[in-house]
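Below is one structure, written out as structure tokens, with a few remarks after it.
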Number of protein chains: 2
Amino acid sequence: MDNKPQHDSTEQRIFDAAHETFLHKGFDGAKMQEIADRAGINKALLHYYYRTKEKLYEAVARAIIQTAVPRVRGVLESDLSLEDKLTQFVHFYIDLILKNPYIPLFIISEINKHPDHFFDKILPKELPKPELIFRQIESEIAAGRIRPIDPKHLIINVVSMCVFPFLARPIARLILGLSAEEMRALLEARKHEIVSFVMASLRP
Amino acid sequence: MDNKPQHDSTEQRIFDAAHETFLHKGFDGAKMQEIADRAGINKALLHYYYRTKEKLYEAVARAIIQTAVPRVRGVLESDLSLEDKLTQFVHFYIDLILKNPYIPLFIISEINKHPDHFFDKILPKELPKPELIFRQIESEIAAGRIRPIDPKHLIINVVSMCVFPFLARPIARLILGLSAEEMRALLEARKHEIVSFVMASLRP
DNA sequence: GTCTATATTCCGATAGAC
DNA sequence: GTCTATCGGAATATAGAC
């Protein structure tokens, strides 16, 4: 309900600047000087509030992860039908990434480049549990309402189709010859396209 | 007259070491010292052969791109049926990434972090042209052999399902609770799963 | 061509005045 | 709390001996 008011405290300004910088450039690419400039303060203050670059990064990376993970769990753990759940998940996820287009690359990239740091210091929270949705898929198959399919692959397919186009956006634009606005519309349209595509595939 | 035989030439050793290093760490994360160590030579020699880190990176990045792009074009521009083309594409692509698992992250990550450099210095080659496959999809729809679907989304769906699981491999392993070998088997199995999934969706 | 040594720049971090 | 000044180390790059 209540977000942190943090009117324009220096600490908050630093955090926001670091968020912006780390999100776009990753840990290696981000420089403390750039964060200080963006926050409109001196480099020394970064260390006053956050001691080291690592600790500042940890705070930011945790916040970035939090943006995505918990809200997805709500959809997956609800008691909607499989089709409704799929629809909600796809819409929710794509809208989220449309508003925060750098999050997927940040997570993927940082987790691959600094796996130990990420798993130890950033991620140790409860991840989405797939068991519930697995069981739901299997019972739909048993009831003959959808064709037989390995739930793991189904989940991977859906998430892949939602997230990957954002990662590949610059290349996709180039290959398909689309303007920035056309590309955005295409990504937006995928909310419906993915649901149709998956439901068509699941017909018994 | 004399082409580069490069059997174990110093230049080749440097190139290989740089390839390894840039592929795993990207431009910002890679250090010239590490490349020199890996090549078993001195830092100064890197500059003797390649002048700057940028130029060494350009040479390596071009080679990495070449690994993937041209071979894909061969499949897409062949005269196979749509289903055969899909099958060949998926098998080819997944096998390629299984053998070179760091390529997708390298391309995605570097193109997003250094887009100007990448588009100016690395990419200016002929990219796969989608028109041919688009027309093939549309004629299959017109003939009633597959259901109506926007070719752009179909292509994006297929590529997404092939590539994304490799990018998300560490997280997927964690969420699904798989060993490294189980995860590899899952990715291998996707060659058939993706084709089934797509063909099922395309049923009229 | 290959090395050692060094120049130069950059960056994270700290000291100390206010 | 915030600043200026600076340290110490790392990283890219060059000079010069062999």
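Below, chain A is the first sequence line, B the second, and so on; all start at residue 1. All heavy atoms count here, side chains included; hydrogens, waters and symmetry mates do not.
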If you measure from CZ on B:F118 to CD1 on B:I65, what distance do you get to the nearest 0.5 Å?
4.0 Å

Distance check needed: D:dG1 P versus A:R13 CZ, whole Å only.
14 Å

Rounded distance (Å) that lies between atom P of C:dT14 and atom CG of A:L45:
14 Å

Under 4.0 Å, heavy atoms only, any strand: does A:A30 hit a base, just the sugar-phosphate, or nothing?
sugar-phosphate

Where each residue is assigned the nucleotide of DNA chain C containing its nearest heavy atom, which of A:K31 and B:I41 is assigned the position nearer the 5′ end?
B:I41

Donor + acceptor pair across side chains of A:D37, A:Q33 (<3.5 Å):
yes

Looking only at the side chains, is there a donor atom on one of B:N157 and A:R190 sitting less than 3.5 Å from an acceptor on the other?
yes

Tell me: CG of A:D37 to P of D:dT2, nearest whole Å?
16 Å

May I have the distance from A:Y50 (atom OH) to D:dG1 (atom P), rounded to whole angstrom?
12 Å

Would you mind reading off the distance between A:L46 atom CG and C:dT14 atom C1', rounded to a whole angstrom?
13 Å

Reading nucleotides 13-18 of chain D from 5' to 3' and marking B where a protein heavy atom lies under 4.0 Å of the base, S where only the sugar-phosphate is that close, and - otherwise, the string is BBB---

Say you draw a straight line from CG of A:D16 to CD of A:E11; how long is it, rounded to the nearest 0.5 Å?
10.5 Å

To the nearest angstrom, how far is B:I35 atom CD1 from D:dA11 atom C1'?
12 Å

Expressed as a whole number of angstroms, how long is the span from A:Q33:CD to D:dT6:P?
16 Å

Write down the distance between CG (B:L56) and C1' (D:dT12), rounded to a whole number of angstrom.
12 Å

Between B:R147 and B:S201, do the side chains contain an N or O donor and an N or O acceptor separated by less than 3.5 Å?
yes

Where does the angle between the aromatic ring planes of A:F22 and A:F27 fall among parallel (under 30°), tilted (30 to 60°) and perpendicular (over 60°)?
parallel

